[in-house]
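This report refers to the structure that appears directly beneath it.
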Amino acid sequence: MITLNVNGKNYNVDVTPDTPLLWTLRDNMGMTGTKYGCGISECGACTVHVNGQAKRSCVTPAGSVVGAQITTIEGLSADSSHPVQKAWIELDVPQCGYCQSGMIMATAALLARKPKPTDADIDKTITNICRCGTYQRIRAAIHLAAKNTKS
Amino acid sequence: MTQHMEMNRRQFVVATAAVGGGLALGVGEGVAATANMMAEPWKAPPVVSGAEINAWIVIAPDDTILIRVGQAEMGQGVFTSMPMIVCEELECDWNKVKAEYADANRDAKENNVYKRMGTGGSNSVRSSREYLQQAGASARERLKAAAAAQWNVPVAEIEAKDSKLTHKASGRTLRYGEVAARAALVKLEKEPALKTPDQYTFMGKATVKRVDTPLKVDGSAVFGMDVKLPGLLYGAIKMAPVFGAKLKSFDAAGAKARPGVVDVVELGKEGQSKHTVPTYASHLEAAVVVVANSYWQAKTALDAMNIEWDEGNLGKTSTDEYMKQAIAALNKEGGVGRKDGDAPAALKSASKVHDFTYETPWLEHATMEPFNATAQVRADRVDVWVPTQNPQNARLVASQQAGVKEDQVYVSQTFLGGGFGRRTVGDDVRQAVEVSKAMGGKPVKVVWSREETTRHGTYRNFAAARFQAALGADGMPTAMYIRYAGHSTPIQRQNPPKDNVDIGQLRLLVDSPYQIPNFQIEFTPIQTHIPSGAYRGPAANQNAFKIESFVDELAVAAGKNPLEYRLKMLQGYKDPSAARLLTEVAAKSGFGKKLPKGQGQGIAIGAWPNFTPNDGTFVATVATVDVSQGGEVKVEAVDIAYDMGNVVNFADTTAQWEGATAMGVGSTLYEEITVRNGRVVEGNFDDYRILRIDEMPKVTAYPVLSGGNRWGGVGEPGLVALVPAITNAIYAATGKRIRSLPLKNHDLTWS
């Protein structure tokens, strides 16, 4: 049994400490917004925030984040009012949508660190995979979210 | 038009949730702030005491309109485009439209009331538009008839608009919700005529935001992976690494001793697969499934298990060997797919024959959502939750495997984390049903790892094609002779095609719009043990590369501009759209402008599903590339001119061109499935590389629509002309001609 702080609440979860945070969130805590895509930290569909930093939860042992503040897509905002979510809605970014939780979490972490990212910043930081190929709109939505974020 | 009403209680339907059986937990339910559908898309949004006008449309007293969607949502926006078609005729207020999936069980019980529920071939609009317009038009006329009866005025004096019925002469109005219950009882003597595109006020006019977006930005959209059920068990699966191999032995006891493991199930035993269609991929492949209380417990127990397989001779096969067979087959005659004039004789008498061979590899769909399905099998009822492109096929597969009637199968169709043709087969459903059976009817979700997903695909098939041509004094082709060898399009490992010609695999060649007096095409099937299947633009996605590369080579040999050369080859073709698109895309992209060495533009034309004059989608593409001296390729821009006749929603249409471009640039640069020792080498995104954001070109799509009755699809054609546009651009940039894919296998350095 370990205790995790997710979206501002403490949860006691019955997993071994080496269980990936991804599967702990999904199967043990019922938070399925965080997605499994590759299991080897390649695709970013499982991106969450750990103490504000983007982290790929498929290779993060649950035991390693005890005591940390974990934020998932479910906790990014209560009502999709985060500037990144609003920009995503404004530009209708998602197609199938499976990768988009990870994209949004990676973007939110980037903007928190760098409120006005350049295209080069985006290229370097947003390394998540989208098979539907929504990259053009993701880039536009990142710039839109940056514009709409009060610094 | 006259009409009469009859009371029929059954026509009053209270539309509530849970067509799928009401088993799901409360988690994930609830409509997000602005989503007009449920996170579990097979469930109806709360619509209070609505009247069902027909199987597609329910209208509630508060004017909420529920529209059922009979196509799969895998990124293309059908929850928006399909209701838009209904709404065009229904003349309803779009802001009050809600959507849910049509129910495949009801379809079984009510004589195929939802018609074509399989999604593929870029056919959602092409195939369902007429009957959805009809459903909307019929409902509108019945609403008008109900109002006319209430006011005792001729129905012709009633106007329907924005969910309101108006009698102008007397100034009276009624809301749809006020007459819906009575409209449901109206029987029309004659179905109304449909609007023609020139009469549309909504389709192709408004840019409509997607209904499903809010669910896809807060993590609430439920994909197959996300299905939650009371007592749900998780199965991790390992299939035969060599396609068709048998299971020899495995250590079930060791796995069962591990924490959380409930059982170990063997699949693929003799007689266990109850398939009726002899296709490879819908069989139960030999496999071991560890069933546990969580996926991670199941997967780690499976990974620790020692499994032995009997590979027979299949373990000696390779993609290299199959490609060699295909190339060797190009030296002999095949089954004839097209014969105009006498190309072989014309080549024999020519002073010079241009003779090149082009090769295309197997490709994996690489849907972002790994494969999975959930099933619960009880004596008289089978439930399946699955991200399927075809719930009717899922229903059939489940009924076969469980031994129940189709109307006893309930398919809860989830959101799909990508489809691209892979989620049409039902192999996922068959496994889940069999595992639930083995577990005494408990609900089980069978999850494929990314590696299993990559290594057990129904791949884009491979092919090699030899192109020969002779040119006349004016440099234009007098003869073209194509020999084509490859795997057949359908998923059939066992059976070669009829007469040895697979016309579907010769798409864009047998129907080529180029005017050549002597034109012959032959096909030789190469049977392999590697399953292949539908893949975003089957055959077209590789044949455009072959013929458009060859035409480019001929233009160079003739010393002509590749655009002018194509336009001349199209002279006399029955559909002017082809030439118009080339001209348009050349103008928009500045094709032919002077660029420094290392940069280049390539042009190409394509179609989906075929070059059928005045039908389907035609597309012309210009790619602008930059090749560094070190040989690194960056596709900088992709300009697309397209003619799909008419468009329902430009927002989604544009998104499809953008997305297909990303997929096609990635496949051109990197993608290839390799088989060695009978098994797929690539397993995950580290060795099967997908395009990422830093490599995304700037995509601009220009509609050049010919209107009329032409309706093309948009999911697939974006992968067609794109590929040769890129490789022709690489030639323009470097002088290096690409005759096989992907580009990662080529040395593109220059100095």
Side-chain angles (χ1 to χ4, degrees), chain A residues 15-16 18-20 22-24 26-28 30-40 42-43 45 72-74 76-77 79-82 84-86 88-90 92-101 104 119-120 122-124 126-139, chain B residues 27-28 32-34 73-77 209-210 212-223 225-226 228 234 259 293-296 365-370 415-420 447 449-450 651-652 655-656 658-663 666 684-686 690-694 696 698-699:
Chain A
V15 295
T16 55
D18 61 345
T19 304
L22 167 68
W23 296 107
T24 308
R26 290 181 54 82
D27 289 359
N28 299 87
M31 296 185 195
T32 52
T34 306
K35 302 300 185 200
Y36 165 57
C38 68
I40 59 166
E42 275 285 327
C43 78
T72 69
I73 185 73
E74 289 90 349
L76 186 63
S77 72
D79 49 4
S80 295
S81 60
H82 189 282
V84 175
Q85 290 169 307
K86 282 165 80 173
W88 249 244
I89 292 171
E90 173 74 24
D92 263 341
V93 171
Q95 289 188 25
C96 90
Y98 194 81
C99 74
Q100 299 294 346
S101 297
I104 288 167
D119 280 333
I122 293 168
D123 286 348
K124 203 168 122 229
I126 308 300
T127 55
N128 303 31
I129 293 174
C130 171
R131 185 54 157 171
C132 298
T134 60
Y135 300 124
Q136 184 155 311
R137 288 182 194 219
I138 289 172
R139 185 184 300 279
Chain B
V27 192
T34 50
E73 170 46 44
M74 48 188 179
Q76 74 293 44
K209 293 193 67 67
R210 286 178 65 131
D212 54 350
T213 298
L215 303 170
K216 292 177 174 178
V217 302
D218 66 0
S220 64
V222 174
F223 296 84
M225 278 281 188
D226 308 330
K228 299 183 183 84
Y234 297 80
N293 291 317
S294 76
Y295 175 67
W296 190 249
H365 302 78
T367 58
M368 283 310 295
E369 181 185 12
F415 283 108
L416 284 72
F420 313 120
V447 174
S449 65
R450 169 57 59 190
D652 285 333
Q656 284 301 302
E658 293 166 3
T661 299
M663 194 169 182
N684 209 319
F685 296 129
D686 53 347
I690 306 275
L691 198 83
R692 297 184 196 238
I693 200 167
D694 59 326
M696 180 72 191
K698 183 177 189 313
V699 183

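Note on naming: letters A, B, ... go to the chains in the order of the sequence lines (proteins, then strands), and numbering restarts at 1 for each one.
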Hey, which of [options] has the most heavy atom pairs under 4.5 Å with chain A?
options	answer
B/Gly419, B/Gly75, B/Gly417, B/Gly219	B/Gly75
B/Gly77, B/Gly659, B/Ala221	B/Gly659
B/Glu73, B/Met696, B/Gln656	B/Met696
B/Gln76, B/Met663, B/Lys698	B/Met663

Side chain, backbone, both or neither: which part of [X] has an atom under 4.5 Å from a heavy atom of chain A?
X	result
B/Leu416	backbone
B/Ala655	both
B/Thr661	neither
B/Phe415	neither

Counting only non-hydrogen atoms closer than 4.5 Å, does A/Trp88 touch chain B with its backbone (N, CA, C, O), its side chain (CB onward), both, or neither?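 Interface part for A/Trp88: both.
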Is it the side chain or the backbone of A/Ile129 that comes within 4.5 Å of chain B heavy atoms, both, or neither?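 The answer is both parts of A/Ile129.
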State whether the side chain of [X] and the backbone N or O of [Y] hold a donor-acceptor pair below 3.5 Å, judged by distance alone.
X	Y	result
B/Tyr295	A/Arg26	no
B/Asn684	A/Cys38	yes
A/Tyr36	B/Arg450	yes
B/Lys209	A/Ile89	yes
A/Arg131	B/Ile690	no

A/Thr32 and B/Met225: CA distance, side-chain angles, deciding distance, side-chain contact (heavy atoms from CB on, under 4.5 Å) verdict: CA-CA 8 Å; A/Thr32 52; B/Met225 278 281 188; over 6 Å; no
Under a 4.5 Å cutoff for heavy-atom pairs, which residue among [options] has the most contacts with chain B?
options	result
A/Cys43, A/Pro94, A/Ala45	A/Pro94
A/Gly39, A/Gly33, A/Gly37, A/Ser77	A/Gly37
A/Cys132, A/Cys99, A/Ser101, A/Cys130	A/Cys132
A/Asp92, A/Asn128, A/Leu22, A/Ile73	A/Asp92
A/Lys35, A/Gln100, A/Glu74	A/Lys35

Hey, which of A/Thr19, A/Thr16, A/Val15, A/Thr24 is the one that makes side chain to side chain contact (heavy atoms under 4.5 Å, CB included) with B/Trp296?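 Testing each of A/Thr19, A/Thr16, A/Val15, A/Thr24 against B/Trp296, the sole residue satisfying side chain to side chain contact (heavy atoms under 4.5 Å, CB included) is A/Thr19.
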Knowing that exactly one of B/Val699, B/Ile693, B/Asp694 qualifies, which makes a side chain to side chain contact (heavy atoms under 4.5 Å, CB included) with A/Tyr135?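 Only one of B/Val699, B/Ile693, B/Asp694 forms a side chain to side chain contact (heavy atoms under 4.5 Å, CB included) with A/Tyr135, namely B/Ile693.
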Using side-chain heavy atoms (C-beta onward) and a distance below 4.5 Å, is A/Lys86 in contact with B/Val217?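 They are not in contact (no side-chain heavy atoms under 4.5 Å apart), so the answer is no.
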Return the set of residues passing salt bridge (charged side-chain N to carboxylate O under 4.0 Å, His left out) with A/Asp123 (not counting sequence neighbours), or none when no residue passes.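 Here the qualifying residues are A/Arg139.
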Test of understanding: with salt bridge (charged side-chain N to carboxylate O under 4.0 Å, His left out), list the residues that count as partners of A/Glu42, not counting sequence neighbours.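 A/Glu42 satisfies salt bridge (charged side-chain N to carboxylate O under 4.0 Å, His left out) with B/Arg692 only.
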How far apart are the C-alpha atoms of B/Lys216 and A/Gln95, what are their side-chain angles, what is the distance that settles it, and do they pass the side-chain contact (heavy atoms from CB on, under 4.5 Å) test? CA-CA 9 Å; B/Lys216 292 177 174 178; A/Gln95 289 188 25; over 6 Å; no
As an exercise, state the distance from CG of B/Asp218 to OG of A/Ser81, rounded to the nearest 0.5 Å.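 It is 11.0 Å, given to the nearest 0.5 Å.
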